[in-house]
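Structure first, commentary second.
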Amino acid sequence: GGSGLVGMGLQLLNEKTPLPGKWVFVGSKDADLRNLDQVRALFERVKPTHVFHLAALVGGLFINMKYKVEFLVQNLAMNHNVLQCSREFAVQKCFCMASTCIFPDKTTYPLDESMLHNGPPHSSNEGYAYAKRMCDVACRMYN
């Protein structure tokens with residue numbers, strides 16, 4: 001996700017005010033996160049101590065509705081591979097990012113993390129939303 005919205009924001013921040021440590025920003029051109037062998041090769045090359053998992057297959061409303069299964073399967077694969085390699089390579093901290101559209105469709109505001117699993121997401125975004133929710137669950141399992 002280093003070439004996405006949040007990743008580019010972090011890169012700009014790092015250019016203006018250097019963040020502590022060595023930061024490596026990677027995108028889909030560097031590895032296909034859906035492929036475990038490519039993720040392992042990336043981790044071997046970069047040797048991260050901390051990971052910001054910002055990557056996801058995302059789309060607009062009609063794409064999300066048309067390709068729910070693809071959004072689910074591909075995002076689950078990315079999440080699994082990043083978390084598995086973080087474990088294998090003894091990453092100290094793995095931060096996983098999602099968007100507010102994974103929260104329940106019917107909820108109260110303001111949102112906080114404790115509300116994430118309190119109901120189904122909007123039906124138009126189920127594939128992405130449930131994959132990202134499972135990333136939250138997987139992070140707890142890995143810890």
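Values reported hereafter were calculated over all heavy atoms of this structure, with side chains retained and with hydrogens, waters and symmetry mates removed. None of these values were measured; they are calculated from a predicted model.
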Kindly give the heavy-atom pair with the smallest separation between [X] and [Y], and that separation in Å.
X      : Y      : result
Val91  : Pro48  : CG2-O, 3.7 Å
Val82  : Val51  : CG1-CG1, 4.0 Å
Leu83  : Ala138 : CD1-CB, 3.6 Å
Asn64  : Ser124 : CB-O, 3.3 Å
Ala55  : Leu33  : CB-CD1, 3.5 Å
Met134 : Leu76  : CB-CD2, 3.8 Å

[atom1]-[atom2] distance between [X] and [Y], expressed to the nearest 0.5 angstrom:
X      : Y      : atom1 : atom2 : result
Met78  : Arg34  : CE    : CZ    : 6.0 Å
Leu10  : Phe52  : CG    : CZ    : 6.5 Å
His53  : Cys139 : NE2   : SG    : 8.0 Å
Ser86  : Phe43  : OG    : CZ    : 4.0 Å
Phe103 : Arg133 : CZ    : CZ    : 8.5 Å
Asp105 : Glu126 : CG    : CD    : 10.0 Å

Between [Y] and [X], is there a side-chain heavy-atom distance shorter than 4.5 Å?
X      : Y      : answer
Leu19  : Leu13  : yes
Leu36  : Cys85  : yes
Lys22  : Val24  : yes
Thr108 : Met115 : yes

Within 6.0 angstrom of [X] [atom1], more than 12 heavy atoms from elsewhere:
X      : atom1 : answer
Phe89  : CZ    : yes
Leu111 : CG    : yes
Arg87  : CZ    : no

So, does [X] use its side chain to make a donor-acceptor pair with the main chain of [Y] at under 3.5 Å?
X     : Y     : answer
Gln92 : Thr49 : no
Lys47 : Glu44 : yes
Lys66 : Leu61 : no
Asp30 : Gly27 : yes
Asn75 : Leu57 : yes

Report whether [X] and [Y] are members of the same hydrophobic cluster (ILVMFWY, side-chain heavy atoms less than 4.5 Å apart, transitive linking).
X      : Y      : value
Val58  : Val6   : no
Leu12  : Trp23  : no
Tyr142 : Phe95  : no
Val137 : Tyr130 : yes
Val39  : Phe25  : no

Check your understanding: Could you walk me through whether Asp136 and Lys132 pass the salt bridge (Lys or Arg N to Asp or Glu O under 4.0 Å) check?
Key -> CA-CA 7 Å; Asp136 171 66; Lys132 285 299 187 174; over 6 Å; no
Review point. Is there a donor-acceptor contact under 3.5 Å linking the side chains of Gln11 and Glu15?
Key: no
Exercise for review: Carefully, step by step, assess Tyr128 and Phe71 under the rule ring-ring contact (aromatic ring centres under 6.0 Å, His included).
Suggested key: CA-CA 5 Å; Tyr128 169 83; Phe71 277 78; 7.4 Å; no
